Colleague: 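Before I ask anything, here is the structure I am working with.
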Amino acid sequence: MQPAFPYRIRDQQLWLSPHRCLYWEEERSLILSDLHFGKTGHFRKAGIAVPQSVYREDLLRLLSLIQYFQPKQLLVVGDLFHSRENKELDLFLRWREDFPHLGIRLVLGNHDILRADWYEKAAITVTEGVFRMGEFAFVHDIEDAEEDGPYYFSGHLHPGIRINGMGRQSLQFPCFYFGSTYAILPAFGRFTGTVSIEPGAESNVFAILPQAGRDRPWEGRPGRQSASIFQIQ
């Protein structure tokens with residue numbers, strides 16, 4: 001797996017992973033947003049042929065990140081799941097059994113509509129609204145932030161940055177956005193789009209550029225990387 005990119009804020013050490021998440025070193029927490037697990041199954045139930053391999057690869061990518069960072073908890077900033085329970089969420093429950101000592105805290109997003117007893121069965125601690133932890137606060141949509149003071153981490157927008165080339169060519173890539181008072185994380189799920197954002201004067205934006213064709217960290221080889229991060233000035 002490609003090493004993460006170091007970034008400090010509020011005297012806390014973060015590591016930005018090219019696999020669309022970040023690791024908070026002091027709290028040993030892997031922070032993710034917008035996984036949208038079960039989305040491919042939701043589309044198939046509606047008659048839209050989306051292969052389940054997309055979902056399985058997201059689960060395997062998460063597994064490889066847990067093995068790499070060795071976190072004590074996953075902190076999910078909303079939309080861990082996409083909709084109602086389906087067969088893909090049964091696969092998640094079996095996956096969860098492999099990590100009985102890993103804490104999972106979910107700050108509810110607009111797509112997290114499962115029953116409370118399902119989250120209990122999956123050993124997921126649920127927070128509605130804002131969750132405070134140390135120097136930071138976590139909320140799914142930054143528009144729902146409750147107070148000034150803490151530095152917020154949010155998701156929801158699936159941020160992307162457009163890179164312009166020669167002539168009229170341009171490409172858009174998922175990105176981490178760090179403003180003066182809040183950050184927006186890229187969507188972890190690969191079956192998601194991106195929304196173009198415009199960096200402000202006091203912001204730092206890190207684009208995630210794919211390499212080697214596919215985003216499969218568990219199939220990495222020496223000398224090959226599946227993605228890169230670079231800062232937009």
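Sequential numbering from 1 along the given sequence is applied to the chain's residues. The shown structure was predicted, so the numbers you read here are calculated from the model rather than taken from an experiment. In what follows, every heavy atom counts, from backbone to side chain, and hydrogens, waters and symmetry copies are set aside.
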Colleague: In Å and rounded to the nearest 0.5 Å, what is the NE2 to CZ distance from H36 to F188?
Modeller: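 Reported value, rounded in 0.5 Å steps: 12.5 Å.
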Colleague: Kindly confirm or rule out a cation-pi arrangement of R105 over F131, judged by NZ or CZ under 6.0 Å from the six-membered ring centre and within 45° of its axis?
Modeller: yes
Colleague: Determine whether a donor-acceptor pair (N or O, by modelled atom type, separation under 3.5 Å) exists between the side chain of R96 and the backbone of F99.
Modeller: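 Such a contact is found between R96 side chain and F99 backbone.
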Colleague: Kindly indicate whether the side chain of I31, heavy atoms from C-beta on, has any atom under 4.5 Å from the side chain of F136.
Modeller: no
Colleague: Can we call the ring centroids of F81 and F92 under 6.0 Å apart?
Modeller: yes
Colleague: Check the pair H156, D34 against side-chain hydrogen bond (donor to acceptor under 3.5 Å, both in side chains), reporting the backbone distance first and the verdict last.
Modeller: CA-CA 7 Å; H156 185 57; D34 297 279; 5.3 Å; no
Colleague: Could you work out, with side chain to side chain donor-acceptor pair (under 3.5 Å) as the rule, every residue matching Q67, not counting sequence neighbours?
Modeller: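 So Q67 forms no side chain to side chain donor-acceptor pair (under 3.5 Å) with any residue.
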Colleague: Quickly, which of L62, L75, L185, V77 forms a side-chain contact (heavy atoms from CB on, under 4.5 Å) with L32? Name it, please.
Modeller: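 It is L62, the one option of L62, L75, L185, V77 that forms the side-chain contact (heavy atoms from CB on, under 4.5 Å) with L32.
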Colleague: Are I66 and P71 packed together at the side-chain level, in the sense that at least one heavy-atom pair is separated by less than 4.5 angstrom?
Modeller: yes
Colleague: Under 6.0 Å from the CG atom of D11, do we count more than 12 heavy atoms belonging to anything else shown?
Modeller: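 No, CG of D11 has 12 or fewer neighbouring heavy atoms, counting only those of other groups under 6.0 Å.
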Colleague: Apply side chain to side chain donor-acceptor pair (under 3.5 Å) to E147 and list each qualifying residue two or more places apart in sequence or on a separate chain.
Modeller: R132
Colleague: Could you report the tightest heavy-atom contact between D144 and V139, atom names first, then the distance?
Modeller: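 Scanning both residues, the minimum pair turns out to be CB-CG2, 3.9 Å.
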Colleague: Can you tell me which residue among W24, F138, Y182 is in a ring pair (Phe, Tyr, Trp, His ring centres under 6.0 Å) with F153?
Modeller: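 That would be F138.
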Colleague: What verdict does the side chain to side chain contact (heavy atoms under 4.5 Å, CB included) test give for L157 and Y177, after you've listed the backbone C-alpha separation in whole Å, the side-chain angles of each residue and the deciding distance to 0.1 Å?
Modeller: CA-CA 11 Å; L157 294 180; Y177 172 88; over 6 Å; no
Colleague: With no hydrogens and no angle check, just 3.5 Å: does a side-chain donor-acceptor pair link H140 and D79?
Modeller: yes
Colleague: Look at atom CG of D148 and say whether more than 12 heavy atoms of other residues, nucleotides or ligands are closer to it than 6.0 Å.
Modeller: no
Colleague: Just to verify, what does F176 make a ring pair (Phe, Tyr, Trp, His ring centres under 6.0 Å) with, not counting sequence neighbours?
Modeller: none
Colleague: Could you give the distance from CZ (R20) to SG (C175), rounded to the nearest 0.5 Å?
Modeller: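 Taking CZ in R20 and SG in C175, the distance rounds to 10.5 Å.
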Colleague: Looking at side-chain heavy atoms only, is the closest gap between T181 and Y152 below 4.5 Å?
Modeller: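 Sidechains of Y152 and T181: no contact.
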Colleague: List in chain and number order the residues that pass side chain to side chain donor-acceptor pair (under 3.5 Å) with Q73, two or more places apart in sequence or in another chain; answer none if no residue qualifies.
Modeller: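 S29.
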Colleague: Under the rule for side chain to side chain donor-acceptor pair (under 3.5 Å), what residues qualify as partners of Q70, not counting sequence neighbours?
Modeller: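 Partners of Q70 by the side chain to side chain donor-acceptor pair (under 3.5 Å) criterion come out as none, since no residue qualifies.
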Colleague: What pairs of donor and acceptor atoms, side-chain ones from residues 196-210 against any protein atom, are under 3.5 angstrom apart with sequence neighbours left out?
Modeller:
unit_1, atom_1, unit_2, atom_2, d
S203, OG, G200, N, 2.8
S203, OG, G200, O, 2.7
N204, OD1, Q231, NE2, 2.8
N204, ND2, Y7, OH, 3.0

Colleague: Centre of F69's six-membered ring, under 6.0 Å away, within 45 degrees of the axis: is that where NZ or CZ of R28 sits?
Modeller: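 No, R28 does not sit over the ring of F69.
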